[in-house]
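Here the structure comes first, spelled out in structure tokens, and everything after it is commentary.
Naming: A, B, ... by sequence-line order, numbering from 1 per chain.
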Amino acid sequence: MRNRQVARLLDSIADALEIRGEGRFRTNAYREAARNIENLPGDIEEIWREEKLEDIPGVGKSIASKISQYLESGHSLYLEEISRALPTGLTEILGIPGLGPKKARILHDRLGVSSVEELVAAAQRHEIQKIKGMGAKSEANILKGIERFRQSGKRLLLGEAWPLADQVARMLSECPWISAISPAGSIRRRAETIGDIDVLAASSEPEKAMDAFLSLSIVREVLMKGPTKSSILTGEGLQIDLRVVAPDSYGAALQYFTGSKSHNVELRGIAISKGLKLNEYGLFRIDSGARLAGRNEEEIYEALGLAWMPPELRESRGELEAAAEGRLPDLVEIGDLRGDLHSHTDWSDGRDSLEEMARAAIAHGYQYLAITDHSHSLGVAHGLDARRVREQGEQIESLNKKLAPFKLLHGCEVEILNDGHLDYPDELLASFDLIGASLHLGMGQSSEKITRRILTAFRSRVDILNHPTGRLLNQRPPFEVDLAAVFAAARKRGIALEVNGQPSRLDLKDIDARRARDLGIPLALDTDSHQSGGLDAMRYAVATARRGWVEKKDVINTLDLDQLLQYLGRERKAA
DNA sequence: GCCGTTTTCGGCCCGACTGTTTTCAGTCG
């Protein structure tokens with residue numbers, strides 16, 4: 001899968017074209033194509049081999065030939081050509097908030113600036129304010145922007161941003177001038193990482209609502225302030241944007257600010273084709289200006305001939321077509337889950353006891369919880385040897401008598417060793433209720449090697465492949481693995497793939513979960529909890545699965561206990 | 001550069017905010 005690399009290439013081309021002063025429609029075409037390729041459910045290399053690149057929306061003859069040339073050779077002649085005369089530092093300058101291609105170009109042409117360092121020096125010598133069209137304020141803002149650019153590290157994880165956005169919304173909901181409030185943007189779509197936090201409010205007194213926002217205790221700096229839109233920085237350097245609209249426009253604005261951008265562009269195209277205009281204030285007839293909808297999202301989609309769809313779907317991945325044809329998925333919900341199939345206790349590297357974990361699961365309304373402590377080879381996690389596995393099994397058995405009808409399943413997270421064998425012998429594996437297999441060691445190996453290890457492991461008894469790509473958001477890329485081969489083998493053997501809800505994992509990721517679902521591979525939504533509070537992370541697994549169009553029927557832990565045991569083949573063994 | 005129920009040319013989402021402007025360009029989302 002080189003989809004992401006190709007998307008990055010097209011973005012780099014767009015950056016270079018922008019700085020060169022090419023028309024924005026041309027650069028937008030490259031960006032549009034990049035987004036579409038990033039969101040592609042299929043493998044770009046496969047599409048390329050089948051000579052179907054031009055079937056991808058936004059990809060025509062010219063872009064297709066550049067992709068072909070890149071995939072063939074691993075580098076882009078075109079990008080090299082257009083960036084030959086451009087200092088590489090200029091594209092870095094584009095990352096500074098408030099600086100776009102036009103200003104970057106002017107700074108380069110007039111002051112010879114070609115890196116962030118040179119820009120700082122020019123600003124400190126007060127050369128920027130001498131340029132026509134810029135002043136002292138621009139110069140100060142550039143320095144401020146550079147400071148933010150340097151501090152702004154990684155994007156926030158959904159697991160960090162979602163609770164924070166909810167907290168902001170809760171605080172503002174107490175303001176008497178605000179009649180409705182909701183997080184919007186990528187948080188509402190439950191994207192895996194978040195740039196800025198967007199919040200939308202409805203108010204008939206927008207300025208008073210805005211004042212309430214700007215006087216929240218979390219505000220460190222006001223970046224921008226207007227009657228309908230303000231931005232602040234928190235003490236941690238997070239940007240929070242609040243939009244305020246009239247209650248009549250709340251639905252239109254919520255739709256608009258939830259995005260995604262490409263979903264909105266597509267939706268607007270549909271509106272235009274029907275002689276309508278959609279903006280954050282409502283849906284209007286172009287000819288008469290008459291307003292057709294705007295109070296809530298449902299009536300907007302409906303007026304466009306579409307079913308309302310959950311925000312998680314709004315990524316321009318075929319959801320509008322599905323909505324028009326009435327075949328939107330009936331997405332899995334957190335209330336559908338009957339248990340969690342991946343958790344750890346103080347027997348290995350978890351914090352809480354078997355009973356504490358069981359009680360937390362009961363508090364979540366679950367029928368079961370699989371305890372899946374690490375196996376022997378994962379020394380750093382105090383993996384269990386055969387003797388301790390048996391002891392743990394006995395404790396689980398006696399706990400189950402006490403906690404019935406709730407059931408702890410005795411599982412394991414067994415290492416896939418270097419040769420692909422599992423870390424426990426077959427006899428021991430047979431004693432578990434459930435086997436989750438994981439790869440924590442040798443993650444830097446070649447794709448061939450890692451793929452072979454996983455396929456070899458699948459010949460043993462494996463019920464679930466845990467965090468199948470091993471990625472850690474902001475920390476570690478997924479290991480090289482031929483997911484198509486893993487999917488094919490999982491499908492053949494009926495092995496479930498995990499959607500791991502740890503905020504730093506979310507693995508499988510949304511589009512991979514969707515590919516698995518499309519292939520009919522069962523999925524397990526798990527938290528990988530290492531303490532009782534960790535069970536709350538199920539909402540991140542559910543969010544990721546929903547972004548992957550996953551339905552209740554695709555998920556094994558939506559099964560009732562008896563159905564799950566049947567699925568795992570345990571009843572057969574007991575008999 | 002892409003695209004087509006205004007189809008091979010002439011469009012391309014569009015509104016808010018800022019700064020430097022006396023009417024608008026640049027940036028952002």
Side-chain angles (χ1 to χ4, degrees), chain A residues 10 13-14 17-18 21-36 53-67 78 82 93-107 128-142 144-145 148 184-187 189 191 194-200 206 210 222-231 239-245 249 252-253 255-284 286-287 305 316:
Chain A
L10 297 179
I13 291 175
L17 290 175
E18 249 176 1
E22 297 285 342
R24 73 190 162 99
F25 295 115
R26 194 161 160 233
T27 55
N28 277 348
Y30 279 93
R31 296 211 190 278
E32 168 79 2
R35 293 292 75 72
N36 289 335
L53 286 175
E54 288 183 48
D55 289 356
I56 300 169
V59 176
K61 251 193 176 53
S62 169
I63 292 182
S65 77
K66 280 152 197 158
I67 296 173
Y78 181 65
I82 58 172
I93 285 177
L94 289 182
I96 298 169
L99 272 188
K102 294 270 168 51
K103 286 184 188 169
R105 182 67 194 265
I106 291 169
L107 291 166
I128 292 174
Q129 53 178 289
K130 292 179 196 150
I131 298 175
K132 187 170 150 61
M134 301 203 195
K137 232 168 186 171
S138 296
E139 193 169 84
N141 279 341
I142 285 174
K144 257 192 192 172
R148 275 184 65 205
S186 49
I187 290 181
R189 301 197 311 277
I194 310 295
D196 303 333
I197 292 177
D198 292 313
V199 181
L200 175 73
M210 215 40 108
V222 177
L223 294 174
M224 179 197 278
K225 180 185 170 202
T228 68
K229 176 186 174 184
S230 295
S231 298
Q239 184 175 331
I240 304 180
D241 298 342
L242 179 73
R243 301 276 193 149
V244 181
V245 297
S249 297
Q255 193 290 315
Y256 180 89
F257 293 120
T258 296
S260 66
K261 184 176 166 175
S262 51
H263 173 91
N264 285 356
V265 168
E266 213 182 318
L267 192 62
R268 248 169 240 186
I270 293 173
I272 290 167
S273 74
K274 293 176 185 290
L276 306 172
K277 185 177 96 160
L278 180 63
N279 59 28
E280 64 260 57
Y281 301 111
L283 181 67
F284 304 88
I286 291 176
D287 48 15
S316 204

Considering only atom [atom1], compute the distance from [N] to [M] and round it to an integer number of Å.
N      : M      : atom1 : answer
B:dT5  : B:dG1  : P     : 23 Å
B:dT21 : B:dT27 : C1'   : 16 Å
B:dC3  : B:dT8  : C1'   : 10 Å
B:dC14 : B:dC9  : C1'   : 23 Å
B:dA25 : B:dT20 : C1'   : 10 Å
B:dG11 : B:dT6  : P     : 15 Å

Residue list, side-chain hydrogen bond (donor to acceptor under 3.5 Å, both in side chains) with [X], at least two apart or on another chain:
X      : answer
A:S138 : none
A:K66  : A:Y30, A:S62
A:R35  : A:D11, A:E38
A:E54  : none

Sorted by position of nearest nucleotide on DNA chain B, 5' first, the leading residue of A:E280 and A:P57 is A:P57
Between A:N264 and A:E139, the residue closer to the 5' end of DNA chain B by nearest nucleotide is A:N264
Report the distance from atom [atom1] of [X] to atom [atom2] of [Y], rounding to the nearest 0.5 Å.
X      : Y      : atom1 : atom2 : answer
A:L242 : A:L200 : CG    : CG    : 7.5 Å
A:I56  : A:N36  : CD1   : CG    : 8.5 Å
A:I96  : A:I142 : CD1   : CD1   : 8.0 Å
A:S186 : A:I194 : OG    : CD1   : 3.5 Å

Hits for salt bridge (Lys or Arg N to Asp or Glu O under 4.0 Å) against A:K144, two or more places apart or cross-chain, chain-then-number order -> A:E221
Using a 4.0 Å heavy-atom cut-off, does A:A136 contact any base of the nucleic acid, only the sugar-phosphate backbone, or nothing at all? sugar-phosphate
- Message: Any base atoms under 4.0 Å from A:K274, or only sugar-phosphate, or nothing? Heavy atoms, all strands.
- Response: nothing
What residues 24-33 of chain A contributes to the DNA chain B interface at heavy-atom separation below 4.0 Å is A:F25, A:R26, A:A29, A:Y30
OP1 or OP2 of B:dG15 less than 4.0 angstrom from a side-chain nitrogen or oxygen of A:N279, does that happen here?
yes
Exercise. Using a cut-off of less than 4.0 Å, is there contact between a side-chain N or O of A:S138 and OP1 or OP2 of B:dT20?
Worked result: yes
Validation: residues 272-282 of chain A side-chain donor-acceptor distances under 3.5 Å, sequence neighbours left out:
| residue | atom | partner | partner atom | Å |
| --- | --- | --- | --- | --- |
| A:S273 | OG | A:I270 | O | 2.6 |
| A:N279 | OD1 | A:Y281 | N | 2.8 |
| A:N279 | OD1 | A:G282 | N | 3.2 |

Roughly how many Å is it from [atom1] in [X] to [atom2] in [N], rounded to a whole number?
X      : N      : atom1 : atom2 : answer
A:I13  : B:dC2  : CD1   : C1'   : 15 Å
A:E54  : B:dC3  : CD    : P     : 8 Å
A:K61  : B:dG1  : NZ    : P     : 13 Å
A:L242 : B:dC17 : CG    : P     : 11 Å
A:N141 : B:dC17 : CG    : P     : 16 Å
A:I67  : B:dG1  : CD1   : P     : 13 Å

Contacts satisfying salt bridge (charged side-chain N to carboxylate O under 4.0 Å, His left out) that involve residues 96-107 of chain A (not counting sequence neighbours) are A:R105-A:D109
Expected string for nucleotides 4-10 of chain B under the B/S/- scheme (protein heavy atoms, under 4.0 Å, primed atoms plus P, OP1, OP2 as sugar-phosphate) is -------
Reading nucleotides 21-29 of chain B from 5' to 3' and marking B where a protein heavy atom lies under 4.0 Å of the base, S where only the sugar-phosphate is that close, and - otherwise, the string is S----SSSB
A:S231 meets the side chain to side chain contact (heavy atoms under 4.5 Å, CB included) criterion, sequence neighbours left out, with A:L223, A:M224, A:Q239, A:D241
Looking only at B:dA16, B:dC2, B:dT20, the nucleotide nearest the A:K137 side chain is B:dT20
pair_partner(B:dT8), Watson-Crick or wobble, both distances < 3.5 Å, evaluates to none
Could you give the side-chain donor-acceptor pairs of residues 257-266 of chain A under 3.5 Å, partners two or more places apart or in another chain?
| residue | atom | partner | partner atom | Å |
| --- | --- | --- | --- | --- |
| A:T258 | OG1 | A:R188 | NH1 | 2.8 |
| A:T258 | OG1 | A:L254 | O | 2.5 |
| A:S260 | OG | A:S262 | OG | 3.4 |
| A:S260 | OG | A:H263 | N | 3.2 |
| A:S260 | OG | A:R314 | O | 3.1 |
| A:H263 | ND1 | A:E319 | OE2 | 2.7 |
| A:H263 | NE2 | A:Y301 | OH | 2.9 |
| A:N264 | OD1 | A:Q255 | NE2 | 3.1 |
| A:N264 | ND2 | A:Y256 | O | 2.8 |
| A:E266 | OE1 | A:S316 | OG | 2.5 |

